[in-house]
Each structure stands twice: as structure tokens, then as C-alpha cells.
Amino acid sequence: MNKVFGSASEALDGVLHDGMLIAAGGFGLCGIPELLLSAIRDAGTKNLTFASNNAGVDDFGIGILLQTRQVKKMISSYVGENAEFMRQYLSGELELEFNPQGTLAERMRAAGCGIPGFYTKTGVGTVIAEGKEHKDFNGETYIMEEGIFADLSIVKAWKADPTGNLVFRKTARNFNPPAAMCGKICVAEVEEIVPTGSLDPDAIHLPGIYVHRLIQGEHEKRIEQRTTRAA
């Protein structure tokens with residue numbers, strides 16, 4: 001099976017449909033699958049729900065899909081630094097499901113492992129727990145969180161081989177692996193595709209069994225908060 005496609009639009013051909021749930025990798029501005037997000041924008045797919053740690057910024061990441069009104073709901077843990085997100089949420093145009101960061105990551109990872117739900121103490125006694133099942137274990141109260149089973153996962157990695165084995169670099173490893181695991185179809189964009197067998201098995205962060213389609217492309221390296229001092 002050939003997993004390597006020539007472009008983001010080709011890799012998403014036949015996959016996108018209105019109203020779908022998409023799990024997207026990225027942490028801040030690091031590890032965002034920008035080529036795939038641009039292809040989704042260009043495809044015009046609408047009424048999307050995104051499970052993602054954050055919503056990018058106004059002109060980058062999921063922010064470009066907010067500009068075109070293609071997103072109806074965000075399942076996120078951090079949504080700062082995005083004026084359009086704030087405007088749409090406060091005006092009632094955009095639905096938001098807040099998740100503690102660790103809970104969001106585990107919801108993705110659990111789904112990737114076929115686990116429909118799990119109990120956690122995080123969020124007990126807060127608005128996060130409203131409407132969720134509560135259960136006591138050894139005198140402590142936990143709430144039930146459900147796994148996120150996405151229609152599509154889009155992620156960005158540093159290197160891949162043609163079979164889809166992925167290697168992430170630094171902070172990009174945070175949410176990309178669990179996001180990749182939880183989709184029925186996973187499409188990955190990478191900076192470099194290397195020959196099969198050239199990756200050290202111990203250095204592979206996500207096995208190719210989770211990755212269905214793959215593209216290579218040029219990526220923008222943004223710095224979210226630049227701090228400098230006089231020489």
C-alpha cells in the first residue's frame with residue numbers, strides 16, 4: 001500500500017466531509033499541520049469539530065479555518081491569543097468544550113488504544129464535571145471522561161519512512177502522537193521522508209500502523225513568544 005501522496009489536497013481527497021470531527025496535532029505554534037489545514041480550508045469543508053490543544057492564532061493553524069467560518073466547535077484546553085476565536089465564542093457563533101490539558105491528551109490516547117472511557121480526578125468539583133458520571137474509588141471521587149474517536153487525524157512530524165513510521169522533534173511530540181492515534185484515518189505531513197529501514201526502531205515515536213497517508217512539504221517555523229535582550 002502506497003502511503004506517500006504528492007500534496008496535502010491529494011492526501012485528503014475522498015476523506016473530507018461536512019460535519020466531521022478532526023483531531024489535530026500541535027502545541028502552541030509548534031507541530032501544527034499547516035499544509036493539511038490549508039488544504040481543508042481550500043476544500044471548503046464546513047461545520048467541523050476540531051479536537052486540538054489550542055486554536056492557533058488569527059492567521060495560522062486552525063485560526064485560518066475560523067476566519068472562513070468552517071469550524072462550528074472546538075474541543076480544546078487553551079484558546080488564548082486568537083482574537084477571532086474570542087469574537088466568535090463570545091457572540092455565540094462557536095461552541096467550545098474545555099478540557100484540562102492532560103485529560104484532552106488522554107482522551108485521544110485512550111481512543112487510539114480502543115478504550116471508550118476512563119476515570120480521572122481532574123475536574124472534580126468544577127464546571128468540567130457537570131453532567132459527567134461520578135464514581136468513588138478508595139474514598140476519592142473521580143469523573144468519567146470519554147475517548148475521542150475522530151473521523152480524521154492530521155499531524156505534523158519531523159521525519160517519516162514510506163511505511164508511515166514517524167519521528168517528532170522536541171515540543172511537536174506533545175499532542176501529535178495521541179492525536180494521530182485516535183482518528184479512523186491519519187494523514188501526516190513531514191519535513192523529510194527517508195528510506196524504509198533507515199530509522200532506528202528505538203527512535204520511532206509513532207509506528208506506521210497508525211498512519212494511513214503521508215506528504216512531504218516545506219514548513220514555516222514560527223516563534224510564538226520572542227524574547228530578546230540587548231547585546
Side-chain angles (χ1 to χ4, degrees), residues 1-27 30-43 45 48-56 61-62 65 70-71 74-76 99 104-116 146-169 171-194 196 199 201 203-217 219:
M1 175 182 177
N2 178 33
K3 295 185 178 181
V4 181
F5 287 72
S7 68
S9 59
E10 291 177 15
L12 292 172
D13 183 42
V15 173
L16 300 175
H17 60 83
D18 292 348
M20 69 189 308
L21 169 57
I22 301 175
F27 187 87
C30 180
I32 290 176
E34 66 223 56
L35 303 179
L36 294 167
L37 287 169
S38 293
I40 293 171
R41 177 197 59 194
D42 295 343
T45 315
L48 299 172
T49 297
F50 269 91
S52 175
N53 178 64
N54 56 290
I62 297 173
L65 296 173
Q70 290 172 254
V71 182
M74 289 293 308
I75 304 172
S76 299
N99 282 235
L104 180 61
E106 180 61 14
R107 289 183 68 191
M108 293 179 176
R109 190 206 68 84
C113 296
I115 299 171
E146 296 184 5
I148 294 175
F149 294 85
D151 299 305
L152 170 68
S153 295
I154 54 172
V155 299
K156 181 165 83 172
W158 179 37
K159 289 184 180 181
D161 65 20
T163 68
N165 292 314
L166 300 184
V167 178
F168 300 94
R169 192 165 186 268
T171 311
R173 192 177 174 186
N174 276 332
F175 267 88
N176 274 297
M181 293 172 65
C182 72
K184 295 176 183 176
I185 296 176
C186 174
V187 183
E189 60 182 71
V190 300
E191 297 181 35
E192 183 181 2
I193 297 177
V194 299
T196 301
L199 294 176
I204 293 171
H205 298 141
L206 187 78
I209 191 172
Y210 287 108
V211 179
H212 303 88
R213 301 184 180 190
L214 190 65
I215 63 165
Q216 180 178 346
H219 297 91

Item checked: Closest heavy-atom pair and its distance - Thr171, Phe27 -> CG2-CD2, 3.6 Å

Checklist line | Residue Glu10 excluded, over 12 heavy atoms near CD under 6.0 Å | finding: yes

Margin query: Restricting to non-hydrogen atoms, name the atom on Pro177 and the atom on Ala172 that form the minimum distance, rounded to 0.1 Å.
Written below: CD-O, 4.4 Å

Next item on the list: Could you tell me whether a side-chain N or O of Arg41 sits under 3.5 Å from a main-chain N or O of Leu65, the two making a donor and an acceptor?
Entry: no

Note to self: Could you tell me if the side chain of Pro162 sits less than 4.5 Å from the side chain of Leu214, heavy atoms only?
What the structure shows: no

Check: Shortest non-hydrogen contact from Ile62 to Ala24?
Finding: CD1-CB, 4.4 Å

Item checked: salt bridge (Lys or Arg N to Asp or Glu O under 4.0 Å): pairs with one or both residues in residues 171-182, sequence neighbours excluded -> none

Next item on the list: With rounding to the nearest 0.5 Å, note down the distance linking SG in Cys182 to CD1 in Ile22.
Entry: 11.5 Å

Note to self: Rounded at 0.5 Å granularity, tell me how far CZ in Phe50 sits from CD1 in Ile154.
What the structure shows: 5.0 Å

Checklist line | Exam field: side chain Gln70 to backbone Thr45, donor-acceptor pair closer than 3.5 Å | finding: yes

Item checked: Test applied, side chain to side chain contact (heavy atoms under 4.5 Å, CB included); reference residue, Val190; option that passes from Val167, Val155, Leu166 -> Leu166

Next item on the list: Test His205 against Asn176 for side-chain contact (heavy atoms from CB on, under 4.5 Å), laying out the working first.
Entry: CA-CA 10 Å; His205 298 141; Asn176 274 297; over 6 Å; no

Checklist line | Minimum heavy-atom distance between Ala111 and Ile148, given as atom pair plus value | finding: CB-O, 2.9 Å

Item checked: Derivation and outcome, side-chain contact (heavy atoms from CB on, under 4.5 Å), residues Val211 and Cys186 -> CA-CA 5 Å; Val211 179; Cys186 174; 4.3 Å; yes

Checklist line | Atom pair CE/CG of Met20 and Leu152 - distance to nearest 0.5 Å | finding: 4.5 Å

Notebook entry, point to check: Between Ala8 and Leu36, what is the shortest heavy-atom contact and its length?
Noted result: CB-CD2, 3.9 Å

Checklist line | Whether over 12 other heavy atoms sit under 6.0 Å from Ile209 CD1 | finding: no

Notebook entry, point to check: Quick one: are Arg109 and Ile115 in side-chain contact, heavy atoms under 4.5 Å?
Noted result: yes

Next item on the list: Indicate yes or no for a side-chain donor-acceptor contact from Asp161 to the backbone of Val194 under 3.5 Å, with no hydrogens or angles considered.
Entry: no

Notebook entry, point to check: For the atom pair OG (Ser52) and CE (Met74), what is the distance rounded to the nearest 0.5 Å?
Noted result: 5.0 Å

Notebook entry, point to check: Just by modelled atom types, is the Ala179 backbone N or O under 3.5 Å from a matching donor or acceptor in the Ser153 side chain?
Noted result: yes

Notebook entry, point to check: Would you find a donor on one side and an acceptor on the other, under 3.5 Å apart, between the side chain of Lys3 and the backbone of Gly208?
Noted result: yes

Margin query: Could you measure the distance from the CD atom of Glu189 to the CD atom of Gln216? Nearest 0.5 Å is fine.
Written below: 11.5 Å

Margin query: If you define the side chain from C-beta out and look only at heavy atoms, does anything of Met181 sit under 4.5 Å from Met108?
Written below: no

Checklist line | Check: Asn53 side chain, Phe175 main-chain N or O, donor-acceptor pair, under 3.5 Å | finding: no

Notebook entry, point to check: What residues form a side chain to side chain donor-acceptor pair (under 3.5 Å) with Asp13, not counting sequence neighbours?
Noted result: none

Next item on the list: Measure the CG-CG distance between Asp42 and Leu37 for me, rounded to the nearest 0.5 Å.
Entry: 11.0 Å

Next item on the list: Of all the heavy-atom pairs spanning Lys156 and Glu34, show the shortest one and how long it is.
Entry: NZ-OE1, 2.8 Å

